[in-house]
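Convention: sequence-line order gives letters A, B, ...; per-chain numbering from 1.
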Amino acid sequence: MSTTTTDVHSHGEHGDHEHNPYHQHHFATMEQQFDTSKLGMWLFLATEILLFGGLFVGFGLMQHRYPREFIEAHEHLKQLVAGQLFPLYGALNTMVLLVSSWTMVMGVNAAQTDQKKKLVRYLVITILLACVFLVVKYVEYSHKFNDHLLPGMFYGHQSEDLIKGTHGYATFFAFYFMMTGLHGIHVLVGIGLLSWLVMRARRGDFTSSYYTPVDLVGLYWHIVDVIWIYLFPLYYLIS
Amino acid sequence: MSSHTESHTHHGGPKIYTANLLALLFLTVITVAAASFNFGSANVVIALAIATVKATLVGLFFMHLIWDKPVNAIIAIAGFLFLGIFLMFDFIDVGSRVNLQPRNMPNMENATPAPDTMNPLKTAPPKPLEPAPAAEEHK
Amino acid sequence: MERAVTGGARIGDRPRPKKNYLNETKGFWSWASTVDHKRIGIMYLVATLTAFLLGGIFALLVRLTLLTPQHTLFGLQVTAETYNRFFTLHGAIMVFLFIIPSIPGSLTNFVLPLMIGAKDVAFPRLNLASFYLWIVGAVMAVASMVIGAVDTGWTFYTPYSTTTSGTVTLMTAAVFVLGFSSIFTGLNFIATVHKLRAPGMGWFDMPLFVWGMYSTAVIQVLATPVLGITLVLLMLERVFQIGIFDSRIGGDPVLFQHFFWFYSHPAVYIMILPGLAIISELIPTFSRKTMFGYRAIAYSSVSLALLSFIVWGHHMFVAGQSQLATVIFSALTFLVAIPSGVKVFNWLSTMYMGNISLETPMLYAISFLMLFAIGGLTGIFLGTLSTDVHLTDTYFVVAHFHYVMMGSTVTAFIGGLHYWWPKMTGRMPSEKWGRVAAILWFIGFNATFLPQFILGSRGMPRRYYNYLDQFQPLHAFSTVGSWIIGLSLFISLGYLLASLRKPADAPDNPWGGTTMEWQTSSPPITHNFEDTPVLEHEPYDYRPKAVTH
């Protein structure tokens with residue numbers, strides 16, 4: 001077993017790479033540092049899965065408790081969205097996020113292959129797609145606000161099919177806003193992180209030997225996509 | 001640095017990513033199409049199965065799990081596994097409860113609202129719960 | 001002390017380095033902005049012990065109120081509301097500010113990287129962020145007490161918590177923040193154990209403390225997010241009445257208990273596994289004997305962590321859960337006895353024929369074995385459906401979890417603190433006073449909590465501020481016991497602080513330990529090791545032949 005690679009001052013001389021400015025002292029090699037960061041990111045993603053998962057479980061149990069009310073609310077959600085029984089906005093947003101995942105991974109690929117301009121371009125497109133997603137979300141939310149299909153005590157919808165005061169409807173829309181809202185917050189955070197990456201990428205921070213932040217933000221962005229992949233059928237398709 | 005960069009750049013690549021995107025878009029079309037047919041309770045299963053296939057594709061290729069060290073995939077799977085445990089035991093409970101809602105709840109027999117739904121306990125004091133045959137949940 | 005030290009140096013042979021992590025830089029800012037895991041560990045130690053003091057004061061007030069059935073305190077009447085606040089603050093502070101963060105944040109932060117021969121934890125800045133999140137959470141929690149009051153108990157059960165006045169929202173927000181502090185700590189340890197082990201150290205060469213803390217970290221990462229979302233739902237239910245937990249607006253109160261215990265049962269193992277981990281270090285060191293059943297103990301830590309996720313329903317046997325679910329949860333609960341038993345039997349086998357020396361840490365370890373056995377076995381009573389119906393919400397439950405949380409975890413924590421105190425500070429605490437305090441602790445603990453088993457089985461309900469006259473002798477006995485505990489802790493605080501005033505006198509390896517943290521100087525240098533430590537033998541190798549190398 002090698003015994004000298006982790007000495008405080010000698011890491012730069014070991015291995016056949018020159019000293020990288022992003023190399024932290026407690027890692028023996030850049031590869032170890034990269035793998036550790038990635039492992040940490042995956043652990044964080046697991047907590048994200050469980051955080052959203054709690055809401056999914058709550059939704060499932062409430063649907064079990066109020067099956068009829070939830071189905072009626074579902075039907076209503078669909079009708080309101082496009083004026084017909086077709087989940088247009090949800091499907092549109094799914095497409096937008098999937099394409100943004102692709103541009104993100106292409107950006108990571110560009111960073112891995114030292115293509116700085118390409119990296120910046122893909123990151124900017126990803127940000128634009130995230131903005132498109134939020135605009136669609138905004139239009140969708142304003143429909144709900146107009147019709148008073150709001151969570152809990154704010155629920156005030158007065159049409160015949162979803163009467164205020166019946167248990168279940170207000171809960172359905174509470175979950176709708178909590179889950180899409182928490183997801184939307186994650187998209188906002190993602191836009192912030194991507195903008196930070198654009199700034200650093202233009203400065204030339206990322207090379208094929210150091211692109212950890214691009215890779216980790218990429219993972220974050222993909223998990224936001226994965227969560228939407230589950231939210232989409234749950235709210236816009238199943239009935 | 002050579003070994004490091006090679007191990008991460010020579011996997012994946014634009015062609016695979018683009019093919020993956022096309023597959024994901026195709027599956028989205030499929031799941032929307034499938035939702036317009038009525039398969040009864042299988043609707044949920046079909047939609048979630050397609051969603052899981054999509055999530056797996058994103059994880060394997062966009063998130064590089066297929067080329068990564070297995071520990072990352074194990075962490076991701078553990079997240080879903082423990083979520084599954086949470087979901088399963090909760091449904092064991094609510095699925096086998098005979099008193100899903102108190103019997104005196106007006107909502108119980110008839111889903112149309114009673115005048116005092118917001119405070120059912122006012123109209124009738126709570127009775128001790130018993131596994132009475134009438135206490136079935138509405139379906 | 002004729003035993004093997006790897007890495008070339010012999011015990012005490014080395015001159016003490018002039019610079020160590022304590023004096024390399026000076027000033028408040030050098031501590032407040034440090035990313036050194038050792039300094040963060042010390043800061044966590046001070047912070048969590050302050051919380052322990054605060055929670056302990058409320059515990060003494062609770063016991064003092066219960067001295068007589070007249071619920072008076074220093075001659076003043078205590079109202080039910082005041083009493084509710086006392087036990088809520090005691091519980092919430094002890095659980096969220098002390099037991100959960102104490103061992104991971106302080107002792108583990110300090111010794112885990114040393115034990116695996118690393119220079120730091122994987123993410124040093126995240127480590128510091130985790131500490132500051134703890135501070136923010138603690139400030140919010142204390143603010144919620146000062147501004148208003150929380151009287152829900154530490155469990156925040158609905159519908160009471162969604163309808164009571166008071167600052168429950170702020171308190172739950174505080175716990176939410178503390179949850180993220182805990183997640184970041186756990187995440188850091190998992191990454192550290194995976195990636196930063198010394199060259200040559202395989203998974204089964206790690207000290208058992210590391211195995212225990214790794215299992216703890218897995219729970220912290222996988223369970224705490226659910227607590228986060230539960231508290232968010234609770235806050236939204238209070239503020240917006242979303243209709244998920246409060247049956248008045250269509251929710252299901254039992255659902256809250258599912259959500260809460262899906263985190264909080266594993267959280268009980270976040271509390272106990274570090275205790276078990278410390279004992280696994282103390283027993284072989286003070287028995288001067290190779291660990292019996294190393295792998296069995298390692299696996300039992302992991303299996304306890306996994307089992308902790310599938311038994312939460314045993315907190316809800318009489319809460320309106322379905323019968324099927326109670327039977328399943330009861331059956332699964334008994335499984336917990338297996339890995340717990342594996343550990344205890346292996347520790348006892350390690351001690352058997354060992355060369356046991358009864359120094360202060362070992363006295364705590366032996367206390368632990370007895371208290372943990374009582375705490376564990378009474379858990380079986382509570383896991384049994386028929387007896388649980390009788391014992392639910394009585395003092396039997398209070399006594400049971402205090403035997404596990406306090407009798408086991410806190411005992412192990414104090415034992416571990418004495419064990420690593422020379423490494424952390426470079427000073428040996430007074431052995432004489434240490435033994436006095438350890439014996440007082442054991443006596444005081446049993447005097448406080450053994451009577452509560454009897455009280456509970458006779459029907460004394462928990463969380464009541466008065467009681468029938470016939471219970472007074474046992475309650476009074478218990479209150480006197482709480483004073484002995486207080487005295488013991490006061491003595492410990494005294495001689496530990498006194499040891500800081502004398503010049504550094506601790507050798508590098510005062511106890512003859514075999515794990516890597518004893519290879520570096522006491523206190524360690526900032527980068528932990530002068531040369532990269534190399535693993536030359538398995539942990540707990542006390543065989544004589546290891547001396548020659």
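If you measure heavy-atom distances from L45(A) to chain B, the contacts under 4.5 Å come from the side chain alone. At a 4.5 Å heavy-atom cutoff, A78(B) makes no contact with chain A through either its backbone or its side chain. Looking at I223(A), the atoms closer than 4.5 Å to chain B (heavy atoms on both sides) sit in the backbone and in the side chain alike. Residue contact with chain B, scored on non-hydrogen atoms closer than 4.5 Å, involves the side chain of T94(A) exclusively.
Nearest heavy-atom pair, K38(A) versus D68(B), reported as atom, atom and distance to 0.1 Å: CE-OD2, 3.2 Å. Minimum heavy-atom separation, L83(B) to I49(A): CD2-O, 4.2 Å. In this structure, G54(A) and F86(B) approach most closely via the heavy-atom pair CA-CE2, 4.3 Å. Y230(A) approaches T52(B) most closely through the heavy-atom pair OH-OG1, 3.0 Å.
Side-chain contact check for M95(A) versus T28(B): some heavy-atom pair is nearer than 4.5 Å. In this structure, the side chains of F62(B) and M104(A) stay at 4.5 Å or more apart for every pair of heavy atoms. Inter-residue side-chain proximity for W42(A) and L65(B) is flagged as met; some heavy-atom pair is nearer than 4.5 Å. At least one side-chain heavy atom of F232(A) sits under 4.5 Å from a side-chain heavy atom of V32(B). A heavy-atom distance below 4.5 Å is not found between the side chains of M41(A) and I75(B).
Distance CD1/I229(A) to CG/L48(B): 12.5 Å, rounded to 0.5 Å. Taking CG of N20(B) as the reference point, atom CG of L98(A) lies at 9.5 Å (rounded to 0.5 Å). Atoms CG and NZ, from D225(A) and K54(B) in turn, are 8.0 Å apart once rounded to the nearest 0.5 Å.
Each of D90(B), V71(B), I77(B) has some count of heavy-atom pairs under 4.5 Å with chain A, and the biggest count is that of D90(B). Chain B forms more heavy-atom pairs under 4.5 Å with one residue of V226(A), L61(A), L234(A) than with any other, namely L61(A). When each of V58(B), I50(B), L27(B) is checked for heavy-atom pairs under 4.5 Å with chain A, V58(B) comes out on top. The choice from A51(B), G59(B), A73(B) that makes the most heavy-atom pairs within less than 4.5 Å of chain A is A51(B).
The aromatic rings of F91(B) and H64(A) stand perpendicular to each other, their planes meeting at an angle above 60°, with 30° marking the opposite boundary.
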